[in-house]
A.B. asks: 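Have a look at this one before I ask anything.
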Amino acid sequence: MTSITTSNKKVIMVMLDTLMDKPLHIALKEETLPAFTYFMEHGTYYPSVVAPFPTISVNVESALLTGHYSDQHGIPSLTWYSQKENRIINYGTHLFDQMKLGLSTCLKDSLYRLNNEHLNKKVKTIHEELHEQGKKTASINPLVNRGNVQHRLTIPGFIRYFVSINKHIDTFATTKYVYGSLSRLNPNGKYSSIWHKYGFNNKFSTQEFTHLVNNQDIPDFSFVYLPDHDKNVHKRGPMDTKGIKDMDRNLQTMLDSFPTWQEALDNHIWILIGDNGQSGIKDDRKQAFVDLMKLLRPLKITKLSKGVRKEDQVVIANNLRSCFIYSLDTNDVPITEIVEKLKTEERLDMISWKIDEWIHVASGESKESFKFKESGKAKDEFNQTWEIRGDHSILDLTIKENDVTFGDFPDALRRLHSTLHSHEGDFVVISVKPGCELKGEITPSHAGGASHGGFHKNDSLVPMLVTGTESTPDFFRMIDLKKWILDLTN
Ligand SMILES: [Zn+2]
């Protein structure tokens, strides 16, 4: 059988939550993984694609779909403080956090405002760009899914029994749009009950995708998200391979829905990619957890259940291994006062804040200081130019002549610059060393397992496996994939 030329091939992108290079290679050696092996044999493997910071799914999906970091797409992270609304936004860190903040507000943030209000309308998603070209796209289960077609989400009765929320929410998404059991393609499908997280699981995503294949209705671009492996790695640590075996089974089911596996590959471009990595967390809770409430004493920190009150001085928005810390009034608590407190904790591998156009960086280990700003003589691996001053070892930069290369913190300068310009407010962003996690008011703890959100390369690098094309993105960063995918669909 002859394959269709690249220009006619439809693009199928499968995002495999927490797929990482090392465990994948170990699993390929020690386990039987027919699907991954087949893709490996017929495709090209790229071990290190840079995820945006904070390394957490909504930010990753927004960066991938818009081709920009958070300074442009406007979704700072999974949880952040909105100065405009004077409240903490939370798209779903943990049920307990959300219960304290108010479940109905959090649900509306994740089900409606994320895509329809918070995601900057000045940037377009891959779905919106392709729609303008008269092409169709599918979004199967990612949280970020903005498109041009109006859909109606139906909130399950059980949720409405406990949470005050409308039965229907209208949202703009892709032509083929799956959002758990709230918006589905296959009316007869399984795996969508409350016990199956209302369809936010690998089997449901897989079944919805194969529904498209069975109906010969695969659009020009499909984005299929498999969420399950995240929790395996959180619980059992970075080297967990059980979840990789499960994902292989999901991929087998997808391939099996085509007449043959060869036809599946011949007629489509497949992109398999992780979303973010995870760092192992120490067993000993004392060593693992950096207690922010303690570190910021005696400042008055906003309680999640109370909301921002007059007497509060500081807001914490904790994203597992990174965190935004806000001063509500810099005349009362200058950013530098917060920074000085944070610098006493040597497990903080990055502390960063902005003053005018300069981004300042410190760490809990180093007594030195470092700052940088856009445009200058120094040029990094991604052709971005910077003016750099101070001890650059804080960000593990190597500088030869004026060429900057990165070590432990991939694309460190642009990722920090964008994070500190991602939203309004006076804040410090911090990240902890591998082995550690940040402890706020509650927030889940993963001692003995793994976690993410951090700035370190453990959290920041994901593998990508591509079949059906020899072309590559300009750079191997999540933000560089949009342009490449648009080229592939042309
Ligand atoms: Zn996670």
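Note that the structure is predicted; figures quoted are calculated from it, not measured. Every number for a ligand or one of its atoms is a count from 1 in the order of the listing.
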A.B. asks: Only one of Phe455, Phe370, Phe53 clears ring pair (Phe, Tyr, Trp, His ring centres under 6.0 Å) with Phe409; which?
C.D. replies: Phe455

A.B. asks: Out of the N/O/S atoms in His234, what is the name of the one closest to the Zn ion (ligand 1)?
C.D. replies: NE2

A.B. asks: So, Asp408 and Lys457, do they make that salt bridge, N to O below 4.0 Å?
C.D. replies: yes

A.B. asks: Is the Zn ion (ligand 1) under 2.8 Å from any N, O or S atom of Asp17?
C.D. replies: no

A.B. asks: Taking Lys245 first and then Asp248, would you say they form a salt bridge - that is, a charged N and a carboxylate O separated by under 4.0 Å?
C.D. replies: no

A.B. asks: Does Arg414 pair with Asp411 as a salt bridge, N-O distance under 4.0 Å?
C.D. replies: no

A.B. asks: Between OD1 of Asp230 and NE2 of His452, what angle is found at the Zn ion (ligand 1), rounded to 10 degrees?
C.D. replies: 100°

